[in-house]
Amino acid sequence: MSSRPMSAEPTAPAPGTWTARLSAWIEGLVPKGQWLPDRQPAYVASWIYVFGVACLASLVVVIASGLVLTLGGLTWWHSSSLGRFVNSTHLWSVELFFATMVIHLWGKFFMAAWRGHRGLTWATGALAFFGSLGTAFTGYLIQTNFDSQWISTQAKDGLNAAGIGAYFNVMNVGQMVLWHVSLLPLVVGVIVGLHLLLVRRRGVVPPIGAEAPADVAQPERPAPGVPGPSAPEPSSVPDESRPERAPTGSGARP
């Protein structure tokens, strides 16, 4: 048995290992320091930048309250005071989610948030909005009350006229529960995750006419395996646009 002490310092993964490739791939998606930056430009203090975070916070409450309702069952919020409270929390968090999301969407529209190679960021945000509409619609259909019955019967004719009533049967409560609990939240969650990834990768969009400070906006790193732009070589030709300064010191001429 060897008596040599083991080093307590962690070692970097050897190049070529799967951990090194995974680390390089993650850093290619979002460079270090941009996941949770500790400094932001001054214009981020504006109210228009608050609604995106408020929308995300309300989405967390929607998911948490929805999980509790799923554990209780379809009729739990009709027969339990705790169920009615959780159901109300779920409803009003959905209302807050849509209110903040609409303000966030229109604010970024008038700000032209697709500037600076952020077109995919804008597209994923719009897709998250449309996916949330379908999720809210199926949520209204599974309330198991007279409101949900009226909504489903009115929507049935429209979906049948569109030719998709056989695949999306709003009168089938079990099918709507699976759409609302399993499929649509997964789709919305993936799109929102991709949207946040792109926001962290590209940074928040500055207002029109303003640019992010150089000490806050970090340049995007190239993906692993893709050569980045080479730095320009320093020129040996003196810059004649700048006037020469007279030397200072005891031998300087006036």
Side-chain angles (χ1 to χ4, degrees), residues 47-110 113 121-159 162 164-165 167-199:
W47 274 101
I48 197 61
Y49 289 93
V50 175
F51 293 100
V53 179
C55 179
L56 182 62
S58 57
L59 179 61
V60 173
V61 180
V62 169
I63 295 175
S65 57
L67 289 175
V68 178
L69 291 175
T70 304
L71 295 176
L74 281 177
T75 59
W76 176 54
W77 55 80
H78 296 301
S79 58
S80 170
S81 58
L82 178 60
R84 286 191 289 270
F85 171 77
V86 177
N87 186 40
S88 298
T89 303
H90 187 70
L91 171 65
W92 286 107
S93 58
V94 169
E95 301 287 347
L96 182 62
F97 170 73
F98 272 95
T100 53
M101 181 167 53
V102 168
I103 298 175
H104 177 64
L105 181 65
W106 281 107
K108 296 308 173 182
F109 175 79
F110 287 109
T121 308
W122 166 261
T124 52
L127 287 177
F129 172 72
F130 289 111
S132 301
L133 290 178
T135 310
F137 173 67
T138 54
Y140 282 112
L141 294 175
I142 64 174
Q143 294 179 101
T144 60
N145 54 16
F146 289 110
D147 289 340
S148 61
Q149 184 179 8
W150 188 87
I151 295 172
S152 61
T153 52
Q154 297 300 314
K156 176 181 68 66
D157 296 333
L159 295 175
I164 59 175
Y167 306 99
F168 193 77
N169 186 7
V170 293
M171 299 294 293
N172 189 337
V173 179
Q175 183 184 6
M176 293 301 102
V177 169
L178 291 177
W179 275 88
H180 183 74
V181 175
S182 300
L183 182 59
L184 290 177
L186 179 62
V187 173
V188 173
V190 170
I191 297 175
V192 170
L194 179 59
H195 181 73
L196 294 176
L197 176 66
L198 292 172
V199 170

Problem set entry | Tyr140, OH: over 12 other non-hydrogen atoms inside 6.0 angstrom | no

Exercise. If you measure from CG on Asn145 to CD1 on Ile151, what distance do you get to the nearest 0.5 Å?
Worked result: 8.0 Å

Problem set entry | Asn169 side, atom CG; Leu159 side, atom CG - distance, nearest 0.5 Å | 9.0 Å

Problem set entry | Polar side-chain atom of Asp147 near backbone of Trp150 as donor-acceptor pair, under 3.5 Å | no

Problem set entry | Minimal non-hydrogen separation, Trp77 against Gln143, with atom names | NE1-O, 3.5 Å

For this session: Please check if the side chain of Ser182 supplies one atom and the backbone of Trp179 the other of a donor-acceptor pair under 3.5 Å.
Result: no

Problem set entry | Intermediate values then yes/no, side-chain contact (heavy atoms from CB on, under 4.5 Å), Leu196 and Leu56 | CA-CA 10 Å; Leu196 294 176; Leu56 182 62; 4.0 Å; yes

Problem set entry | Val86 side chain near Leu82 side chain, heavy-atom distance below 4.5 Å | yes

Problem set entry | Heavy-atom side-chain proximity of Trp76 to Val68 below 4.5 angstrom | yes

Exercise. Which atom pair, heavy atoms only, marks the closest approach of Leu74 to Val177?
Worked result: CD2-CG2, 3.7 Å

Exercise. How about Trp122 and Leu105: do any of their side-chain heavy atoms sit closer than 4.5 Å?
Worked result: yes

Exercise. Okay, side chain of Ser132, backbone of Ala128: is any donor-acceptor separation there less than 3.5 Å?
Worked result: yes

Exercise. Within the side chain of Gln175, is there an N or O that forms a donor-acceptor pair under 3.5 Å with the backbone of Asn172?
Worked result: no

For this session: Just do the side-chain contact (heavy atoms from CB on, under 4.5 Å) check on Val61 and Trp92 with the steps written out, would you?
Result: CA-CA 10 Å; Val61 180; Trp92 286 107; over 6 Å; no

Exercise. Do Asn87 and Leu69 come within less than 4.5 Å of each other through their side chains, counting heavy atoms only?
Worked result: yes

Seminar exercise, completed: Rounded to the nearest 0.5 Å, the CG atom of Leu184 sits from the CE atom of Met176 at a distance of 9.0 Å

Seminar exercise, completed: On a heavy-atom basis, the closest approach of Ala54 and Thr100 is CB-CG2, 3.9 Å

Seminar exercise, completed: Closest heavy-atom pair, Ser58 versus Ser93, reported as atoms and distance to 0.1 Å, is CB-O, 3.9 Å

Exercise. So, does His90 use its side chain to make a donor-acceptor pair with the main chain of Val62 at under 3.5 Å?
Worked result: yes

Problem set entry | Shortest non-hydrogen contact from Thr121 toward His195 | O-ND1, 3.0 Å

Problem set entry | Distance in Å, Ile103 CD1 paired with Phe98 CZ, rounded so as to fall on 0.5 Å steps | 13.5 Å

Exercise. Which pair of heavy atoms, one from Ile191 and one from Thr124, lies closest together, and at what distance?
Worked result: CG2-O, 3.2 Å

Exercise. How many angstroms lie between CD1 in Ile164 and OH in Tyr167, if you round to the nearest 0.5 Å?
Worked result: 10.5 Å

For this session: Test the Lys156-Phe168 pair against the cation-pi criterion, namely NZ or CZ under 6.0 angstrom from the six-membered ring centroid and within 45° of the ring axis.
Result: no

Problem set entry | N/O donor-acceptor pair under 3.5 Å between His104 side chain and Cys55 backbone | no

Exercise. Within the side chain of His180, is there an N or O that forms a donor-acceptor pair under 3.5 Å with the backbone of Thr135?
Worked result: yes

